[in-house]
Amino acid sequence: MLKQFLPRSLFGRSLLILVTPLLLVQAVATFIFYDRVWQTVSRRLAAGVAGDVGMVVGLLADGTQAADISSILQMASTKMGLRVSFRPGESLPKPQPGPPEGILERDLTASLIERVGSPFVLDAWSLSRDVEILVELPYGVLRVLAPRERLFTSTIYIFFLWMAGTSLVVFVIAVLFMRNQIRPIRRLAEAADAFGKGRDGPDFKPAGSTEVRQAAAAFILMRERVRRFLTQRTEMLAGVSHDLRTPLTRMKLELAMLGDGPEVIGLKADVSEMDRMVDSYLAFARGEGGEKPVTTDLGALLADLAAAARRAGHAVGLDTEGDLIVSIRPEAFKRCLDNLIANATRHGTRVTVTAARRSRQIEILVDDDGPGIPAERREEVFKAFVRLDPSRNPSTGGVGLGLTIARDIVRGHGGELTLIDSPDGGLRARIKLPF
Ligand SMILES: Nc1ncnc2c1ncn2[C@@H]1O[C@H](COP(=O)(O)OP(=O)(O)OP(=O)(O)O)[C@@H](O)[C@H]1O
Ligand SMILES: [Mg+2]
């Protein structure tokens with residue numbers, strides 16, 4: 001469930017690992033600050049103001065002379081920073097309904113109840129710079145305007161600003177550094193991908209952290225080893241085939257001079273069979289590495305192949321759908337499809353080739369109505385020189401390289417070749433080619 005929402009890329013995941021604890025720490029810090037510092041400070045400030053108001057109320061006790069009243073009010077404004085006025089004969093107004101009670105009103109109300117002792121009305125929202133407190137006295141109403149600054153600390157905003165600011169800076173730095181750390185990993189992945197698809201990527205040098213460098217160096221070593229193996233195999237096979245060719249040519253000449261006797265005919269057939277085999281070995285050894293990808297109409301290519309098979313006397317149906325323009329190595333791909341169609345016509349009587357564009361890939365199917373291959377042997381036949389008929393009878397197969405070459409070519413294009421059951425009763429070869 002959770003996996004769906006988590007980022008997939010290494011970059012996203014690293015950022016998440018970094019940002020989650022950062023946010024958590026900030027949340028805890030904010031909570032503690034709010035709970036412990038802000039509330040306490042607010043309570044103490046309210047108590048201070050309430051105490052001052054309480055003192056003024058206490059001084060203006062019953063029976064104070066008018067002259068004393070004005071000097072008390074004067075003192076309150078100069079020494080306590082409160083603007084106080086006295087309205088003789090008035091009584092308290094009804095409290096106005098205002099916005100919901102905030103932390104300031106709550107604390108101030110509590111402190112005023114505790115320290116003033118007379119009925120009062122508090123208005124904390126009507127004036128922008130002051131808080132108005134009206135206190136009922138026996139012979140009038142005392143109006144106190146306390147500056148908001150005395151009741152309010154702006155530390156909390158500065159604190160939040162600093163937290164958000166530093167987090168943003170940390171986040172930006174993390175993004176920049178992380179990108180640099182992830183780039184070598186991405187490059188390694190691209191190089192491995194390119195090598196796997198038979199493309200030689202651009203020059204690749206180990207870079208980044210020790211572990212990534214180590215993986216990159218190991219990859220380069222492995223790539224060299226694989227390349228060496230491939231060239232050794234190719235050179236050996238090419239050498240053997242090439243050396244066989246010379247005596248074969250001589251044999252063909254000698255046979256030609258012998259004429260057309262009955263015992264010569266069989267020999268001739270064998271020699272031409274050997275010639276064909278040597279040709280396939282050479283083709284396999286040469287590989288298709290040299291060819292460059294070209295934008296090709298796969299539909300036309302398949303039509304050519306089907307037409308060629310029909311000319312050779314096979315029943316081959318073709319069914320293509322939509323535009324099938326792709327970038328492929330056409331000669332190699334032709335060889336691959338040719339091998340699959342040759343297998344199908346050799347083992348079945350009716351062959352159907354289907355090609356269609358799926359969401360992100362092209363699917364090519366070669367179906368036949370022959371005996372098929374048992375499921376447990378379908379991987380085996382992809383190995384070089386493997387044939388299911390151990391007699392190596394030329395009518396049931398060739399040298400056993402067709403599927404090996406075909407799969408090599410499809411993988412070289414980044415695709416996959418698999419063998420499955422065909423609805424026609426025989427074997428279905430399925431190529432999935434990304435584009
Ligand atoms: N369509 C098929 N139906 C049944 N068996 C098949 C089919 N295609 C291949 N096979 C079996 O798989 C084996 C290997 O096929 P592969 O194409 O690699 O070699 P081959 O056809 O014997 O020789 P080559 O293609 O090199 O001339 C074949 O010998 C055959 O036994
Ligand atoms: Mg074959």
query: Can you find a pair of side-chain heavy atoms, one from V226 and one from R228, that are under 4.5 Å apart?
result: no
- prompt: Can you find a pair of side-chain heavy atoms, one from P7 and one from L16, that are under 4.5 Å apart?
  reply: yes
- line: When every non-hydrogen atom of L92 is compared with those of L134, the smallest separation belongs to CD2-O, 3.6 Å
task: Determine the minimum heavy-atom distance between A215 and L188, stating which atoms define it.
output: CB-CD2, 3.8 Å
Test side-chain contact (heavy atoms from CB on, under 4.5 Å) applied to F120 and E136, step by step: CA-CA 6 Å; F120 65 89; E136 190 176 77; over 6 Å; no
query: Would N339 and I405 count as a side-chain contact (heavy atoms from CB on, under 4.5 Å) if you check the C-alpha gap in whole Å, the side-chain angles of each, and the deciding distance to 0.1 Å?
result: CA-CA 8 Å; N339 286 345; I405 293 173; 3.9 Å; yes
- prompt: With a 4.5 Å heavy-atom cut-off, do V169 and I173 have their side chains touching?
  reply: yes
- prompt: Has the side chain of S42 got a donor or acceptor atom that lies under 3.5 Å from a matching backbone atom of W38?
  reply: no
- prompt: Can you find a pair of side-chain heavy atoms, one from V53 and one from R115, that are under 4.5 Å apart?
  reply: no
message: If the threshold is 4.0 Å, N to carboxylate O, is there a salt bridge linking E416 and R411?
response: yes
message: Please list all pairs meeting salt bridge (Lys or Arg N to Asp or Glu O under 4.0 Å) that have one or both residues in residues 42-54, counting only residues at least two apart or in different chains.
response: D52-R150
task: Would you check if the distance from the ring center of F385 to the ring center of Y281 is below 6.0 Å?
output: yes
message: Within the 4.5 Å heavy-atom criterion, are V49 and V144 side-chain neighbours or not?
response: no
- request: Start with the C-alpha distance between L365 and E363, add both sets of side-chain angles, then the distance that settles side-chain contact (heavy atoms from CB on, under 4.5 Å), and finish with yes or no.
  value: CA-CA 7 Å; L365 306 174; E363 191 180 69; 4.1 Å; yes
message: Would the distance check show the side chain of H413 and the main-chain N or O of R329 forming a donor-acceptor pair, the cut-off being under 3.5 Å?
response: yes
Donor-acceptor contacts under 3.5 Å from residues 428-435 side chains, at least two apart:
{"unit_1": "R428", "atom_1": "NE", "unit_2": "D367", "atom_2": "OD1", "d": "2.8"}
{"unit_1": "R428", "atom_1": "NE", "unit_2": "D367", "atom_2": "OD2", "d": "3.3"}
{"unit_1": "R428", "atom_1": "NH2", "unit_2": "D367", "atom_2": "OD2", "d": "3.3"}

task: Report yes if some heavy atom in the side chain of L337 is under 4.5 Å from a heavy atom in the side chain of L302; otherwise report no.
output: yes
query: What's the shortest heavy-atom distance between S241 and L282, and which atoms?
result: CB-CG, 3.6 Å
task: Identify the heavy atoms of A50 and V116 that sit nearest to each other, and give their distance.
output: O-CG2, 4.0 Å
task: Using atom types as modelled and distance alone, determine if a side-chain donor or acceptor of T404 lies under 3.5 Å from a backbone N or O of F382.
output: yes
message: Taking the basic N atoms (NZ, or NE/NH1/NH2) and the acidic carboxylate oxygens, is any pair closer than 4.0 Å for R357 and D323?
response: yes
task: Quick one: list whatever passes salt bridge (Lys or Arg N to Asp or Glu O under 4.0 Å) with E235, sequence neighbours left out.
output: none
- line: Sorted by chain and number, sequence neighbours left out, ring pair (Phe, Tyr, Trp, His ring centres under 6.0 Å) with F160 holds for none
task: Show the numbers, then the answer: is there a side-chain contact (heavy atoms from CB on, under 4.5 Å) between V28 and I32?
output: CA-CA 6 Å; V28 170; I32 289 175; 3.9 Å; yes
query: Do L82 and L145 come within less than 4.5 Å of each other through their side chains, counting heavy atoms only?
result: no
task: Could you pull out the closest heavy-atom pair between P147 and G81, with the gap in Å?
output: CD-O, 3.3 Å
field: Qualifying residue, where the test is side-chain contact (heavy atoms from CB on, under 4.5 Å) with L122 and the options are T109, L104, V135
entry: T109
message: Within this structure, what is the CE-OG distance for the pair M178 and S14, rounded to the nearest 0.5 Å?
response: 4.5 Å
R233 CZ: over 12 foreign heavy atoms closer than 6.0 Å: yes
- prompt: Could D130 and R83 be called an ion pair, given the rule that one side-chain N must be under 4.0 Å from one carboxylate O?
  reply: yes
S167 side chain to Q26 side chain, donor-acceptor N/O pair below 3.5 angstrom: yes
statement: CG (D408) and CG (L403) are apart, to the nearest 0.5 Å, by 11.0 Å
task: Give a yes or no on whether M222 atom CE has more than 12 heavy-atom contacts from other residues, nucleotides or ligands under 6.0 Å away.
output: yes
field: Closest contact, heavy atoms only, I220 versus P206
entry: CD1-CD, 3.8 Å
- prompt: Sub-3.5 Å donor-acceptor pair from the side chain of T166 to the main-chain atoms of M163, do we have one?
  reply: yes
L298 side chain near I364 side chain, heavy-atom distance below 4.5 Å: yes
- request: Using a strict cut-off of less than 4.0 Å between a Lys/Arg side-chain nitrogen and an Asp/Glu carboxylate oxygen, indicate whether E273 and R276 qualify as a salt bridge.
  value: yes
message: Working to the nearest 0.5 angstrom, can you tell me the gap between D368 CG and T352 OG1?
response: 9.0 Å
Interatomic distance, I325 atom CD1 to T296 atom OG1 [nearest 0.5 angstrom]: 8.5 Å
message: Taking V316's backbone N and O only, do any of them form a donor-acceptor pair with R350's side chain (distance below 3.5 Å, no angle check)?
response: no
message: Give me each pair satisfying salt bridge (Lys or Arg N to Asp or Glu O under 4.0 Å) with a member in residues 369-379, each pair once, sequence neighbours excluded.
response: R377-E380, R378-D421, E379-R407
message: Would you compute the distance between atom CE of M251 and atom CG of L253 and round it to the nearest 0.5 angstrom?
response: 11.5 Å
query: For the atom pair CH2 (W125) and CD (E105), what is the distance rounded to the nearest 0.5 Å?
result: 6.0 Å
- request: Give every residue pair that meets the side chain to side chain donor-acceptor pair (under 3.5 Å) criterion with at least one member in residues 243-263, sequence neighbours excluded.
  value: R245-D279, K252-D275, D260-K268
